[in-house]
Structures are given as structure tokens and as C-alpha cells.
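Just so you know, these numbers come straight off a predicted model, no measurement behind them.
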Amino acid sequence: MLKLFTLIVAAVIASPALANDTMAEVKTGGLIFAQSDDVSMAEEDLFISASEVRVDYIFENSSDKDVESLVAFPMPDISGQVDNNSAISDYDSDNFLHFSTVQDGRPITAKLQQRVVSLGIDVTEEFAKLGIPVLPYSQKTTEALAKLPETVRKDWIARGLVYPMGAGDAAGVDLVPLWTLRSTYWWRTTFPAKKKVSVEHRYKPAVGGTVAISFLEGGEPKGERFEEYSRKYCLDGDFVRVAQQRAREAEAGGANYTESWISYVLSTGANWAGPIKRFQLTIDKGKPGSLISFCGSNVQKIGPTTFRTTAEDFDPAKDFDILILNPPETAQ
């Protein structure tokens, strides 16, 4: 007899964040997170860089029954805004993070579910009825919004679905999407009794950042933003002193260092049976001249740009954030 549960792979990464695989079940309204008593995460090998995230898992079904699963990968939310500062480059692709997955060496063809939410209300069916594409920054969406009937245009502006870039809400005024798109890839699989299953994910993270060092106030390590960064990225004295020097060089006429932010939700890994038996995290800062800061223990530098930490019986109670200061092109 098969047990049925849902495995949900919520991933990353940076402003939006990605996450570890976790468990869920299907109920009215969508997927609900749950815990597994039978399937554990025996191994997790996680690689994070600004250009790629790779996650290799070994799952183990300790029960004497096969476990049939719905496996899902929620993509980061894409929210429309007046000033678009999203790090996603491929606005016209449903698979905007170029996500792919392999199970036991076999590529998985996933189905895609997309939902449109505005102010907490699901308006997906309304979009389908009017034939409006759901990707906020797609060129096709821009063209479709320009053709909205006047009554719908005024209604959507009043409800906060779109914002008129111009005077009033008259036809001809450009409409900026304000809704949030929630996309989930999913497929079916089975964890055989007393067996191990390998699952691999690859995707391009959506990296947030700034065009200059932003956590210093008047060149000094103080202020609310500095305190937030200190907590989030565990800034140490050496990192801060070098950042101050780079900021002074920029003020003297040099080029700015830029910030990159990458976040990964580790805590959902705690939904599996027991702790992660073997955990390995490798981080690549990208350029030898870049500076990197993150919270971690027993971290070793294993290459010019790479760092690694490992743990046994790892309980992922906290999520993970990385700050990278990137040098100007001339200083790499």
C-alpha cells in the first residue's frame, strides 16, 4: 500500500529567497507545509554563487512501505512595482530562474502552476478570463494591459492591481503591474521502501544588491542599516575596515564597490525526519578581489574564491544570508 504525501522544494535565493526541500500536503487553497516521519534527508551538498545554485540531496525512506510523492518547487515570488529593481534578467520566460532537476540521474519534466495574487486575494481566474499574461514585466503583459477596456482599467487601478504612470486613469496612460506572481513546478515520484533517492536542482539565483556600499553612515560603521547587516551577515572588524577603505577610495574619485545579496532558506530542511545526517555548504564569492561575509562556523577557504563548511546531524534552524562586495571592473 502506498502512502501519499507532498514534497515541496521551496528555493532561492536573494531578494527573493530560495529554500531547502521540505514536506507539504495538498489542501483546499494550495500546498500546506507538513513534516515527514518516514523520509529523511541523509545528505545535502549545497553550492551557492551569484551565478548558480546547485543542491544535491540524498533522501532515505526508512519505512517498510513505498512513499508516493508530489514533488514541488515554488519559484520566488515576482512582484510588480513602479521602480523595478528585480535582478531577474529573463522576464519573458515562465522558467525565469532556469530551474532544472534530476532524480536518480534522470531529468524530470515538471508541470507549472502559476497564481496571481493582489493584496492577498487570488485573481488568477480574472486574468485568464481577460487573456492577460501573468508575468509582471513581460513585454506581452505590457501590450495586453494597454488594450484593457476602460471599465476594467479603472477597476484594476482602484483595486491596486496596476498603477497609472501619468495623469489620471484615462486610456493611453501606461499601466504598471503591482500584482504578485507565484509559480510552482511540480512532478510525481516515489521513495522506495528502505532505499535512497538522489535529487539534484540547478538554477540561476535572483541576486539583490546596490550600486555602492550602503551599510556605512558617513563612512563610519553605525546606524540602523549597519546594525541590520551586522546581525544578518555577521560582519567582523576586518571586513568592516576594508569596506571603509574602499568607501573612502570611492569618495576620493575612485569607482564604487557594489553589494550583492544572496539568501537561502535552510530552515525548511528541518521538516524531514530527524536532522540532516551530512551537510556540506560551499560558497563562491566570484572574483578574487571580492569581499564576502556570512554567518557560519568551522569555515575553511578551499580556493581563491571558495569557502566550505560541513556538519554532521545538522539541524537547519536558521536561514542563510550572504553579502558580497564586488570590486570595480578595473580592480578585479
Side-chain angles (χ1 to χ4, degrees), residues 12-18 46-53 76 78-91 96-97 137 165 176 204-264 281-309 318-332:
V12 120
I13 155 353
S15 288
L18 302 178
L46 171 62
F47 172 87
I48 302 176
S49 73
S51 59
E52 184 183 32
V53 173
I78 301 298
S79 296
Q81 51 193 338
V82 175
D83 295 318
N84 174 26
N85 61 358
S86 171
I88 294 171
S89 59
D90 192 358
Y91 292 122
F96 47 83
L97 294 184
Y137 300 113
M165 290 296 290
V176 177
K204 181 179 176 63
V207 181
T210 65
V211 297
I213 297 174
S214 69
F215 56 87
L216 300 175
E217 188 175 292
E220 297 299 321
K222 61 182 181 179
E224 290 185 11
R225 193 170 182 86
F226 176 76
E227 295 299 327
E228 176 192 353
Y229 273 48
S230 295
R231 292 190 299 270
K232 190 172 184 178
Y233 303 113
C234 293
L235 306 185
D236 64 19
D238 289 340
F239 182 91
V240 173
R241 282 190 289 272
V242 175
Q244 286 182 276
Q245 178 61 34
R246 299 298 179 261
R248 286 193 291 267
E249 293 170 357
E251 289 180 0
N256 285 320
Y257 272 57
T258 60
E259 295 181 12
S260 292
W261 316 315
I262 309 173
S263 298
Y264 193 89
L281 169 64
T282 304
I283 302 170
D284 191 334
K285 65 179 182 178
K287 303 169 186 174
S290 295
L291 306 174
I292 188 169
S293 187
F294 56 88
C295 301
S297 58
N298 302 318
V299 178
Q300 295 182 327
K301 188 173 183 179
I302 61 172
T305 63
T306 50
F307 304 81
R308 177 169 292 167
T309 180
K318 296 182 179 180
D319 297 330
F320 189 70
D321 297 286
I322 302 170
L323 170 64
I324 300 175
L325 297 187
N326 309 291
E329 294 296 324
T330 56
Q332 295 177 21

Practice task
Verify the distance criterion only: is there a donor paired with an acceptor across the side chains of N298 and T309 at less than 3.5 Å?
Solution key: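 No, no side-chain donor-acceptor pair sits under 3.5 Å.
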Exercise for the section: State which residues pass ring pair (Phe, Tyr, Trp, His ring centres under 6.0 Å) with F320; sequence neighbours excluded, sorted by chain then number. Expected result: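 So F320 forms a ring pair (Phe, Tyr, Trp, His ring centres under 6.0 Å) with F294.
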Taking all non-hydrogen atoms of both residues, which atom of [X] and which atom of [Y] are closest, and how far apart?
X    : Y    : value
P327 : S290 : CD-OG, 3.3 Å
P205 : A50  : CG-O, 3.5 Å
G286 : T305 : O-CG2, 3.9 Å
T210 : R225 : CG2-NH2, 4.3 Å
Q244 : P221 : NE2-CD, 3.4 Å

Practice task
Step by step, work out the salt bridge (charged side-chain N to carboxylate O under 4.0 Å, His left out) result for R248 and E251.
Solution key: CA-CA 5 Å; R248 286 193 291 267; E251 289 180 0; over 6 Å; no
Minimum side-chain heavy-atom gap [X]-[Y] below 4.5 Å:
X    : Y    : value
V211 : N256 : no
R246 : I213 : yes
E259 : F215 : yes
W261 : V207 : no
S260 : N326 : yes
F226 : E220 : no

Handout entry: Pairs touching residues 232-251 that satisfy ring pair (Phe, Tyr, Trp, His ring centres under 6.0 Å), sequence neighbours left out
Key =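 Listed by first then second residue: Y229-Y233.
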Handout entry: Main-chain N/O of I292 paired to K285 side chain as donor or acceptor, under 3.5 Å
Key =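 A pair under 3.5 Å: no.
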Handout entry: Test applied, side chain to side chain contact (heavy atoms under 4.5 Å, CB included); reference residue, F47; option that passes from T282, V53, I283
Key =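 Passing option: T282.
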Handout entry: Spacing of L46 atom CG and Y264 atom OH [to the nearest 0.5 Å]
Key =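 Here the interatomic distance stands at 5.0 Å.
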Practice task
Can you measure from SG (C234) to CD1 (I322) and round to the nearest 0.5 angstrom?
Solution key: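 Going from the SG atom of C234 to the CD1 atom of I322 covers 12.0 Å.
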Handout entry: D321/S263 under side chain to side chain donor-acceptor pair (under 3.5 Å): CA gap, chis, key distance, verdict
Key = CA-CA 4 Å; D321 297 286; S263 298; 2.6 Å; yes
